[in-house]
Amino acid sequence: MGYVEASDLKDLVLLGGGHSHVGVLKRFGERPFPGVRLTAICRDVRTPYSGMLPGLIAGHYTFDDAHIDLEPLCRFAGARLYHDEAIALDLAERKVVCKSRPPIRYDLLSINIGSTPAILEVPGAADSVVPVKPIQQFIARWEALCHRVLSREGPMRIGVVGAGAGGVEILLAVQFRLGRLLAAHGRRADHLQYYLFSDTGRILPTHNARTRRIFERILAKRRVRVLTGHRVVEVADGRLRRADGGEYVLDEILWATAARAAQWLAQSGLAVDDRGFVEVADTLQSLSHPNVFAAGDIAALVNHPLPKSGVFAVREGKALEQNLRRALSGHPLAPFRPQRQSLSLISTGDRHAVASRNGWALEGRLLW
Ligand SMILES: Cc1cc2nc3c(=O)[nH]c(=O)nc-3n(C[C@H](O)[C@H](O)[C@H](O)COP(=O)(O)OP(=O)(O)OC[C@H]3O[C@@H](n4cnc5c(N)ncnc54)[C@H](O)[C@@H]3O)c2cc1C
């Protein structure tokens with residue numbers, strides 16, 4: 001008859017609730033796939049929308065504005081939602097090993113767990129800095145910083161390590177919000193000093209010269225000390241040391257350096273690149289394990305290296321959903337063709353942003 005025995009169901013497991021899987025869940029809700037049991041596993045039920053993080057920190061958005069609730073989305077998609085964190089993969093037995101629940105079996109696995117800034121390779125950093133990701137942890141530490149700033153009178157030095165778009169945006173958002181908070185308490189913010197550290201010669205190394213010049217001007221105007229050209233090699237007791245021997249004493253160090261992947265992926269035996277990201281073909285299929293797919297930051301498209309950005313994670317979502325369907329029905333997969341250029345909006349903390357694309361840049365007010 002029309003019924004499918006539970007044992008006949010194919011298990012499609014979506015690991016992580018990132019931007020790509022949000023798209024997959026939405027499309028599976030719109031067009032269900034009979035005979036497939038969909039399971040989503042995610043560490044955070046409220047999954048952050050990355051482009052809105054600086055606006056959340058700056059106080060322009062609420063927590064709800066900047067997060068997608070996976071519960072109603074999974075209900076719509078007919079998916080089971082397991083609120084848990086994956087810590088390993090058993091690729092031979094086709095199981096996802098989680099922190100709290102028994103291993104979860106899959107026929108097809110898709111990984112979209114994002115990335116975190118690299119802190120492990122800098123001695124002392126893991127114990128004392130505040131990485132901008134995972135975002136939930138960052139938000140908790142950020143709230144604690146707001147309380148400290150309000151309860152202190154003397155000078156305070158805040159450093160951001162990493163001068164890519166994420167680092168620059170976070171610094172400007174933090175500065176804007178702390179200024180507003182102090183003003184609301186009738187206080188000035190002159191005692192707060194800001195530092196931006198980068199190992200590259202200029203800030204925003206992956207952006208064009210016009211965008212860089214605009215941000216150099218904005219940072220100078222807002223009295224941010226920009227220190228480029230030397231790696232941070234050690235952090236201890238609020239003291240940050242650079243490769244040139246320079247030492248900086250800071251009250252808070254926010255970490256927004258280049259992305260790294262969760263280490264357990266490589267340890268599980270998946271083919272990964274030199275930063276631990278899952279190597280995938282144009283079909284978003286793992287090079288080593290064809291029944292494993294990956295998208296978003298965690299995927300390294302070997303033929304088309306892409307910047308780690310939410311924009312690409314969203315775009316990959318559509319191709320991923322179509323290829324998961326094809327794989328489930330035994331049809332040939334189609335390649336994902338990334339756009340060569342993409343528009344970046346880099347916010348300046350104060351409801352303004354710079355649009356950066358290819359060789360041009362445009363400043364303007366953001367539509368909130
Ligand atoms: C400050 C800042 C600003 C940014 N601004 C922009 C921007 O304006 N535009 C832009 O395009 N990009 C921006 N980015 C980059 C963007 O954040 C990432 O590229 C994007 O979030 C990647 O999306 P994703 O779908 O790969 O994963 P994510 O959005 O990171 O989602 C990963 C999901 O997986 C879950 N997860 C993680 N580990 C596990 C685990 N072990 N088990 C189960 N679940 C897990 C998490 O809870 C999360 O729900 C910014 C980044 C930063 C740091």
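Counting starts at 1 for both ligands and their atoms, in listed order.
Salt bridge annotation for Glu216-Arg202: present, with a cationic side-chain nitrogen under 4.0 angstrom from a carboxylate oxygen. Using a cutoff of 4.0 Å between basic side-chain nitrogens and carboxylate oxygens, Arg239 and Asp237 are not scored as salt-bridged.
If you check which protein heavy atom lies closest to atom 48 (C) of ligand 1, you get Thr47 OG1, 3.6 Å. Considering only non-hydrogen protein atoms, atom 51 (C) of ligand 1 sits nearest to Lys133 CE, 4.5 Å. Among protein heavy atoms, the minimum distance from atom 53 (C) of ligand 1 is reached at Val132 CG2, 3.5 Å. Of the protein's heavy atoms, Asp297 N, 2.8 Å lies nearest to atom 26 (O) of ligand 1. Ranking protein heavy atoms by distance to atom 37 (C) of ligand 1, first place goes to Ile113 O, 3.2 Å. At the top of the distance list for atom 12 (N) of ligand 1, counting protein heavy atoms only, stands Gly310 N, 3.1 Å. Scanning all protein heavy atoms for the shortest distance to atom 24 (P) of ligand 1 gives Asn112 ND2, 3.6 Å. When hydrogens are left out, the protein atom nearest atom 41 (N) of ligand 1 is Ala86 O, 3.0 Å; that is the closest non-hydrogen contact.
Remark: Lys10 fails to qualify as a cation-pi partner of Phe33 under the 6.0 Å distance and 45° angle criteria applied to the six-membered ring. In this structure, Arg325 is positioned above the aromatic face of Phe28, its NZ or CZ under 6.0 Å from the six-membered ring centre and within 45° of the axis. Cation-pi contact between Arg101 and Tyr82: present, with separation from the ring centre below 6.0 Å and deviation from the ring axis of at most 45°. Both tests hold for Arg315 against Phe312: distance to the six-membered ring centre under 6.0 Å, angle to the ring axis within 45°.
Residue Cys42 places a heavy atom under 4.0 Å from ligand 1.
The backbone and the side chain of Val311 each have at least one atom closer than 4.0 Å to an atom of ligand 1 (non-hydrogen atoms only). Proximity of Trp264 to ligand 1, defined as any heavy-atom pair under 4.0 Å, is confined to the side chain (atoms from C-beta onward). Counting heavy atoms closer than 4.0 Å to ligand 1, residue Glu169 contributes side-chain atoms (C-beta onward) but none from N, CA, C or O.
In the candidate list Ser344, Gly114, Gly18, Ala165, Gly18 is nearest to atom 33 (C) of ligand 1, counting heavy atoms. Across the listed options Gly166, Pro48, Gly51, Gly51 owns the non-hydrogen atom lying nearest to atom 9 (N) of ligand 1.
The distance between the ring centers of His230 and Phe197 does not fall below 6.0 angstrom.
A side-chain donor-acceptor contact under 3.5 Å links Asp65 and Thr62.
Side-chain contact check for Arg152 versus Asp251: some heavy-atom pair is nearer than 4.5 Å.
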